Amino acid sequence: KKHFFIATIIIYCYICISSNCQLYQLLLTICVYSGTPNTGSLVLLFIFEMEKNKPLQTRVYDSDGYRLRAEVICFRDASRKEVLLISAQRDGSGWTIPGGGLEPDETAAATALREAGEEAGIMGHLQEQVGTYEDTNNKTRTQVFVIEYTGDLYNWMEKSWRRQKWCNIPEALELLERAKPLKVPYLQKACYHGNCSELNSGDPIINGCSYNVEEQKVI
């Protein structure tokens, strides 16, 4: 009977995760209905593993064996004076831009729009691609796109733990420099393409669309 109860709770949690149920609702369910502390711990571990690893996710690689990814810079409007950052870690530390791996039969541009919805909870119109960078340590190649914000999603995949922050450009550059410095040149380049008035004229702009990473880990 006890094993049946645990299995029922796990199945219920899986359904909630699949339907983007907020994590605190799952935790509340566990606290109220779990029979023992050990049961609750097992289900909690299951939840975090399920959220960390998207079910049935298939990674896509190029002919060189590099995993293909896309990231997205989300501007609030055409002026490009504000950009959306999201928390990089579950504990809320660090800020980054949305991004993730391509899925089978999905273009990089489609991935960028999907990740904006899954990680940041927003919708937007695709603008341009500002570059591609390569991480030789983690064997990934990432295309970076720009979108213009059009609205919020009511419910989204990582709503339970991601924080959002609209920043002016100097603040965004400073926050990215602290946590994800590899992404700074691409925000600068996106501002340059859009003649962003918030970017200082002395800030460096990368040339071309390729940026090779030898030592920095990209997540």
Side-chain angles (χ1 to χ4, degrees), residues 9-31 40 43-60 67-76 82-104 106-126 133 135 138 140 142-167 171-172 175-176 178-180 182-183 186-187 217-219:
I9 291 294
I10 290 177
I11 292 171
Y12 171 72
C13 291
Y14 176 82
I15 293 172
C16 289
I17 292 171
S18 299
S19 61
N20 296 334
C21 179
Q22 293 186 33
L23 182 58
Y24 76 85
Q25 292 175 317
L26 297 177
L27 296 178
L28 179 61
T29 301
I30 293 165
C31 291
V43 178
L44 279 174
L45 179 60
F46 174 83
I47 290 170
F48 284 118
E49 285 301 312
M50 285 299 300
E51 282 212 333
K52 184 175 67 175
N53 302 301
K54 296 178 184 177
L56 304 179
Q57 184 183 37
T58 302
R59 296 183 173 184
V60 178
R67 184 189 176 200
L68 300 180
R69 301 179 70 257
E71 293 179 342
V72 58
I73 296 170
C74 311
F75 287 112
R76 187 185 286 275
E82 288 184 280
V83 64
L84 182 66
L85 299 185
I86 58 173
S87 54
Q89 305 294 334
R90 288 185 178 273
D91 62 5
S93 62
W95 295 94
T96 187
I97 58 175
L102 273 65
E103 295 184 354
E106 184 180 49
T107 66
T111 299
L113 290 170
R114 175 174 56 78
E115 292 294 338
E118 291 181 357
E119 295 191 353
I122 67 164
M123 299 175 289
H125 290 151
L126 190 67
Y133 66 84
D135 173 15
N138 289 324
T140 60
T142 303
Q143 297 182 54
V144 184
F145 293 85
V146 172
I147 68 170
E148 187 176 313
Y149 167 82
T150 58
D152 296 310
L153 297 174
Y154 175 74
N155 201 9
W156 37 288
M157 183 172 292
E158 299 184 7
K159 184 177 181 180
S160 62
W161 67 275
R162 290 277 191 192
R163 291 192 296 152
Q164 302 163 301
K165 183 180 179 67
W166 285 103
C167 306
E171 180 185 16
L175 292 173
L176 288 176
R178 293 176 188 172
K180 303 288 182 179
L182 181 65
K183 306 176 195 302
Y186 296 93
L187 176 55
K217 183 177 182 181
V218 183
I219 298 177

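Every heavy atom of this structure was used, including side-chain atoms; hydrogens, water molecules and symmetry mates were not. All residue numbers refer to positions in the sequence shown, counting from 1. Worth saying up front: this structure is predicted, and the values here are computed from it rather than measured.
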- Would you call Leu182 and Asp135 a side-chain contact if the rule is heavy atoms closer than 4.5 Å? no

- Where the side chain of Arg162 meets the backbone of Ser87, is there a donor-acceptor pair that is under 3.5 Å apart? yes

- Query: Got a second to check how far Thr142's OG1 is from Leu102's CG, nearest 0.5 Å?
  - Reply: 9.5 Å

- Item | Gap separating the CD atom of Glu119 from the CG atom of Leu84, nearest 0.5 angstrom | 11.0 Å

- Message: On a heavy-atom basis, which atom in Ala172 and which in Leu187 lie closest, and how many Å separate them?
- Response: CB-CD2, 3.8 Å

- Message: Angle between ring planes, Tyr133 versus Tyr186, binned at 30° and 60°: parallel, tilted or perpendicular?
- Response: tilted

- Task: For residues Ile147 and Gly124, report the shortest heavy-atom separation together with the two atoms involved.
- Result: CD1-CA, 4.1 Å

- Message: Taking side chain to side chain donor-acceptor pair (under 3.5 Å) as the definition, give me every residue that meets it alongside Thr150, ordered by chain and number, with sequence neighbours left out.
- Response: none

- Task: Give, for atom OG1 of Thr58 and atom CD of Glu106, the distance between the pair rounded to the nearest 0.5 Å.
- Result: 11.5 Å

- Query: How would you list, by chain and number, every residue that makes a salt bridge (Lys or Arg N to Asp or Glu O under 4.0 Å) with Glu148, sequence neighbours excluded?
  - Reply: none

- Is any side-chain heavy atom of Ile86 closer than 4.5 Å to a side-chain heavy atom of Glu158? no

- Query: Is there a donor-acceptor contact under 3.5 Å from the side chain of Lys180 to the main chain of Gly94?
  - Reply: no

- Query: Considering all heavy atoms of both residues, which atom of Cys74 and which atom of Ala116 are nearest to each other, and what is their separation?
  - Reply: SG-CB, 4.5 Å

- Residue pair Tyr149 / Val83, side-chain heavy-atom distance below 4.5 Å: no

- Candidate pair Leu175 and Lys165, rule side-chain contact (heavy atoms from CB on, under 4.5 Å), full reasoning: CA-CA 11 Å; Leu175 292 173; Lys165 183 180 179 67; 3.8 Å; yes

- With the side chain counted from C-beta on, respond yes when Thr111 and Arg69 share a heavy-atom pair under 4.5 Å apart, and no when they do not. no

- Note on the structure: Residue set satisfying side chain to side chain donor-acceptor pair (under 3.5 Å) with Gln164, at least two apart, ordered chain then number -> none

- Query: Is the shortest heavy-atom distance from the side chain of Trp95 to the side chain of Glu171 under 4.5 Å?
  - Reply: no

- Do Thr96 and Leu85 come within less than 4.5 Å of each other through their side chains, counting heavy atoms only? no

- Message: I'd like to know if the side chain of Glu115 and the backbone of Glu71 have a donor-acceptor N/O pair within less than 3.5 Å.
- Response: no

- Note on the structure: Heavy-atom closest pair (Pro98 atom, Ala120 atom, distance to 0.1 Å) is CG-CB, 3.8 Å

